[in-house]
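To start, the structure under review is shown below, and the notes come after it.
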Amino acid sequence: MLAVALSRAGTLPHGYEAKDKVDEMTDYKSTLNLPQTEFPMKASLAQREPEMLARWQAMDLYGKIRAISAGRPRFVLHDGPPYANGELHLGHSVNKSLKDFIVKAKTLAGFDSPYVPGWDCHGLPIEHNVEKKLGKAGKKVSFAEFRKACREYAAAQVEIQKQDFVRLGVLGDWANPYLTMDFKTEADTVRALGKIAANGHLVKGFKPVYWSVVGGSALAEAEVEYQDKTSFAIDVRFPVANPAELFARFKGQGVTLNLDGIQNVSVVIWTTTPWTLPSNQAVCLNAELEYALVDCALESGRETLVLATAMVDEIMQRYGSESYGVLGSVKGAALEKLSLQHPFVDKQVPVILGEHVTTDAGTGAVHTAPDHGVDDFNVGMAYGLGTLNLVDDDGVFTSAADKFAGAHVYKADELVIEELKERHALVAVKKIVHSYAHCWRTKTPLIYRATPQWFISMNEQGLLQSALDAVAKVKWIPDWGQARIELMLKGSPDWCVSRQRTWGVPITLFVNKETQQLHPRTAELIEEVALRIEQKGIDAWFELTAEDLLGAEAAQYSKVTDTLDVWFDSGVTHYSVLQQRGLGYPADLYLEGSDQHRGWFQSSLKTAVAMYGTAPYRQVLTHGFTVDAKGYKMSKSLGNTISPKEVFQEYGADILRLWVASTDFRGEMTASTEVLKRVADSYRRIRNTARFLLSNLSGFDPAQNLVAPDNMVALDYWITRQAQLLQHQVVEDYENYHFLGVYQKVHNFCVIELGSFYLDVIKDRQYTTRDDCLARRSTQTAMYHIVEILSKLIAPILSFTADEIWASMPGQRAESVFLSQFSEGLPLLAESADMNDQFWQQVMAVKTAVNKELEKQRNDKLIGAALSAEVTLYCDAGLSSLLSRLDDELRFALMVSHAALQPMSAAVDAATTEVPGLQLRITPSANTKCVRCWHHRADIGSNAAHPELCLRCVENIDGLGEKRLYA
RNA sequence: AGGACUGUAGCUCAGCUGGUUAGAGCACCUGACUGAUAUUCAGGGGGUCGCCCGUUCGAUUCGGGCCAGUCCUACCA
């Protein structure tokens, strides 16, 4: 523009006469309405997004949304709290992105959808990190100091994670999130426990639980991980106390025995945990399995053993015996309650029966120590066997363990084996590598240990059945989630909620020292404690004494010092957060990874049912995990991780969000550089489409120039309606959490309806007609509606870009797209009667056929640009009457310089097409090209004032302007 | 080891209750335009529907088995 002005003023240096012609052309160019916009093609998201965040924050966008949403129907997505420890990974981003899509889509759909993010702040991992710095609580530092350090550590972690969530563009109450370590939340967690206790679900039990001897604490199942471990595998004799009794049992089953020379008879057990032998209380057989009396020659001499019949050969081979014989076999049931001599403790133990005994490994006879195994404990209970408690909190044998007293369980295997050798009780010993339970934090082997613990009983008050009933009323997405959680519930034992740790919400109970019963005023006491915790945090409990609350009766009660399983904290947030913050109960939606069927979905369900008898959620949505290009899970050790930070920097948060939307979250979600590149490509397409729409709206003021639907050019009316139809489909996709559909539909609309048809076609009209004529205002009106719809449709996903588009749109509007609604704007246009949706579909098909033929000519170097060609369409009657409706404007729809309709019978040298009833012929135009509109027209030169222009252009420059009705 | 889920073009995904040459977008190749220009338009090539076996006139679609991956559980004395 500037150059033209200068040349007109004659300020160009001499010697540029050759440029005159160019100048003349550019002169006409200045009469065109070419696109113009400040909206950059290059997104520069890494830089621009933080600026937009600052803007949202400055205007208090979240607060404004809350204000305008007040009174609308509620939709509450309750945030499952991530654990306040460690860098965020892609999985966090997936989870938070999906939540944000939903909250934003619900907001735009006219709901009041608050989002209060949370963090899980107590528990072992944090404690462990603090331990590394300060040492163990109670040793190097006081418990109070330790807890203070944990609190500070967690708070710092929250801040670190929060930054990335905010950076991701997640809109929520970030200034006031919920932390499970908030004093108020801690107090309400205690109150929740009180309610569950009051409802009779909390029981004190004595059970073997996973115990970390290094951590000195019981662990939840979720805190256990499996690693390979080398263990001793030993075969041990349990001599039969009274062989005659054993023989009698065989005879009782009709087995005749030749007992010549038989003296020593033993049942042999196999174990990989020799250290548990001091706690042995029984040997367990399977009632249904056959057991053989085997006479064999071992290195140590001839003896008789009881072994599972099916395993005799295998076992003899293992023992290196080549000479052996089976004297007879009986079912395990026949040997019940037979007395055996413990190999080194002066006592006899019974043979008992249990279904868990198999012939997979060992001897078919299982050493049973109820202290150290769940199966053992359960089967022992059935036989009235209790626990011995020979191992203390640190994994050291107590004085009751006699000669093993003072030995650590990690060291006791060798001692036991020595003892067995001395007693001639060891048949075989070797080392095996097997997968074994380890502490997820300290990476040390775990043991089972029977300890006094607090349980939420699944059966005491029918919790299991109530939970199953509640599950059935919830909508699970995908639907297999229901079967999954039901299966888990049915298989889940009583929930051990007590931990012997420092950084956790205390179990604020007083137990009668004599009766082990809870204090009769437990409910009142808990409320008193809760009030104190509200003021001072959990330290309030640890600091108070029984006397403080119980006065004189304190002597009869002991104060429980255990803490709660962290899963309890997050599990009761339906009470401590949803209800206490007035968000409502139950939540409309919980949304987490599929692993949470076992975790948060379950802990939330159990506690809610225990408190109210109902599920805390109406719907549960789950997503899968992220994997790499090969389908393997992302892990640091494999080195195949992609961090959200990397993606923010390299592509931007909108790209990360678009990736989440573009991937089917129900299964594994593949993230790789290729995938991200593809996503970035399609982002650019959407962005550029919006940019082009905006660039054509320069000079358009909707208040002045908006064309009423009835006055719009047919094509513009049609595309506006198409955009509206798209909107309806996309809004439905949002409702169904089908973001993949949103992404694909929006992208395809940009590419197909807009890119390869509408926008291509209307360029001629948009550029060449008078800037204020109806033909042009009509298409601008369409583009105005489209870009507004587009901005709203992508807003939940491409939040930054949507608001950037929003800010670039002409007209008066809310200061952010998030303050608008899907339903605002033009009501859905009715389908046009004569040029309906199907009509334009046909036109597009014809255009595609023309394109194919043009391409052939182009490949033969006969034509270049489409406008250098003319087309004759030979049509059957139906198609002819259809296309003739476009009248003279058919050529604009087909984007050629001339288009003529002929009957099929006139076809000569015509190409067949894929469109039924259509043949066509393309010819290079014989006419010259209009320097302004580039159409090749016969009427060029008809106007002496503009010798290089077609008459259409002359009309648009000097006349009243061209009229368009259809395209 | 058991359970659940997943496996369709290089990538992301459609393919309803089994039925004509399996679709879309991207990527790729070729070309056009240069008035969306680190953009846009057009045309084109590309798939043993994880593998095997059944049921059926016919299977990507149903059944069984296997393989691979993911999540959960168990790992066992």
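Each chain gets a letter, A, B and so on, in the order the sequences are listed, and its residues count up from 1.
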- Query: Are Tyr758(A) and Thr779(A) close enough that some pair of their side-chain heavy atoms sits under 4.5 Å apart?
  - Reply: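 Yes; the side chains approach each other to less than 4.5 Å.
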Once you round it to whole Å, what is the distance between [atom2] of [N] and [atom1] of [X]?
| X | N | atom1 | atom2 | value |
| --- | --- | --- | --- | --- |
| Glu853(A) | rG44(B) | CD | C1' | 15 Å |
| Ile485(A) | rU73(B) | CD1 | C1' | 14 Å |
| Glu914(A) | rU21(B) | CD | P | 17 Å |
| Asn640(A) | rG69(B) | CG | P | 13 Å |
| Leu32(A) | rA36(B) | CG | P | 11 Å |
| Arg765(A) | rA36(B) | CZ | P | 16 Å |
| Tyr758(A) | rA36(B) | OH | C1' | 15 Å |
| Ile686(A) | rU40(B) | CD1 | C1' | 16 Å |

Separation of the [atom1] atoms in [N] and [M], to the nearest angstrom:
| N | M | atom1 | answer |
| --- | --- | --- | --- |
| rU60(B) | rU8(B) | P | 15 Å |
| rC28(B) | rG46(B) | C1' | 9 Å |
| rA24(B) | rG65(B) | C1' | 34 Å |
| rC53(B) | rG69(B) | P | 23 Å |
| rC29(B) | rC71(B) | C1' | 41 Å |
| rC66(B) | rC26(B) | C1' | 34 Å |
| rU17(B) | rA42(B) | C1' | 40 Å |
| rG25(B) | rG45(B) | P | 14 Å |

Just verifying a value: how many Å separate [X] [atom1] and [Y] [atom2], rounded to the nearest 0.5 Å?
| X | Y | atom1 | atom2 | result |
| --- | --- | --- | --- | --- |
| Leu45(A) | Glu650(A) | CG | CD | 12.5 Å |
| Lys847(A) | Leu854(A) | NZ | CG | 9.5 Å |
| Leu489(A) | Arg598(A) | CG | CZ | 8.5 Å |
| His597(A) | Thr622(A) | NE2 | OG1 | 4.5 Å |
| Phe892(A) | His935(A) | CZ | NE2 | 5.5 Å |
| Asn696(A) | Thr37(A) | CG | OG1 | 9.5 Å |

- Task: Give the intermediate values and the outcome of side-chain hydrogen bond (donor to acceptor under 3.5 Å, both in side chains) for residues Asp371(A) and Ser279(A).
- Result: CA-CA 7 Å; Asp371(A) 283 80; Ser279(A) 304; 4.9 Å; no
Hey, is the side chain of [X] poking within less than 4.0 Å of OP1 or OP2 on [N], counting only N and O atoms?
| X | N | value |
| --- | --- | --- |
| Lys856(A) | rG44(B) | no |
| Lys29(A) | rG35(B) | yes |
| Arg691(A) | rU37(B) | yes |
| Tyr767(A) | rA36(B) | yes |
| Ser756(A) | rA42(B) | yes |
| Lys763(A) | rA36(B) | yes |

Heavy atoms only, 4.0 Å cut-off, all strands: where does [X] land among base, sugar-phosphate and nothing?
| X | answer |
| --- | --- |
| Thr276(A) | nothing |
| Ser672(A) | nothing |
| Thr273(A) | sugar-phosphate |
| Arg932(A) | base |
| Ser695(A) | nothing |
| Asp760(A) | sugar-phosphate |

- Message: Going by centres under 5.5 angstrom and planes under 30 degrees, do the aromatic ring of Phe625(A) and the base ring of rG69(B) stack?
- Response: no
- Relative to each other, are the rings of Phe700(A) and Tyr784(A) parallel, tilted or perpendicular (30° and 60° limits)? tilted
- Query: Any stems for RNA chain B, made of 3 or more Watson-Crick or G-U pairs in a row, each with both distances under 3.5 Å?
  - Reply: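 For RNA chain B the paired stretches long enough to count as stems (3 pairs minimum) are B:1-7 with B:67-73, B:10-13 with B:23-26, B:28-32 with B:40-44, B:50-54 with B:62-66.
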- Task: List for me each residue that meets ring pair (Phe, Tyr, Trp, His ring centres under 6.0 Å) alongside Phe739(A), sequence neighbours excluded, and say none if there are none.
- Result: Phe101(A)
- Item | Position toward the 5' end of RNA chain B (nearest nucleotide), Thr272(A) or Lys42(A) | Lys42(A)
- Query: With nearest nucleotides of RNA chain B determined for Gly755(A) and Cys933(A) from heavy-atom distances, which residue corresponds to the more 5′ nucleotide?
  - Reply: Cys933(A)
Protein-nucleotides 2-7 of chain B N/O pairs under 3.5 Å:
none

- Task: Would you list the pairs meeting salt bridge (charged side-chain N to carboxylate O under 4.0 Å, His left out) in which at least one residue belongs to residues 749-762 of chain A, sequence neighbours left out?
- Result: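 Those involving residues 749-762 of chain A are Asp760(A)-Lys763(A).
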- Query: Taking Phe749(A) as the fixed residue, which of Leu793(A), Ile686(A), Leu726(A), Thr689(A) is the one that meets the side-chain contact (heavy atoms from CB on, under 4.5 Å) rule?
  - Reply: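 For Phe749(A), the side-chain contact (heavy atoms from CB on, under 4.5 Å) test succeeds with only one of Leu793(A), Ile686(A), Leu726(A), Thr689(A), which is Leu726(A).
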- Item | Lys633(A), NZ: over 12 other non-hydrogen atoms inside 6.0 angstrom | no
- List the protein contact pattern of nucleotides 24-32 of chain B with one symbol per nucleotide (5' to 3'): B for base contact, S for sugar-phosphate-only contact, - for none; contact means a heavy-atom distance under 4.0 Å. SSBS---SS
- Query: Of all the choices, rG43(B), rA36(B), rC71(B), which nucleotide is nearest to the side chain of Asp595(A) once you look at every atom?
  - Reply: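 Selected nucleotide (nearest to the side chain): rC71(B).
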- Message: Can you identify which nucleotide, out of rG69(B), rA42(B), rU34(B), has its nearest atom closest to the Tyr632(A) side chain?
- Response: rG69(B)
- Message: Taking side chain to side chain donor-acceptor pair (under 3.5 Å) as the definition, give me every residue that meets it alongside Gln602(A), ordered by chain and number, with sequence neighbours left out.
- Response: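 Testing Gln602(A) for side chain to side chain donor-acceptor pair (under 3.5 Å), a comparison that skips the adjacent residues, returns Lys606(A).
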- Message: Between Thr368(A) (side chain only) and Val366(A) (backbone N and O only), is there a donor and an acceptor less than 3.5 Å apart?
- Response: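 Yes.
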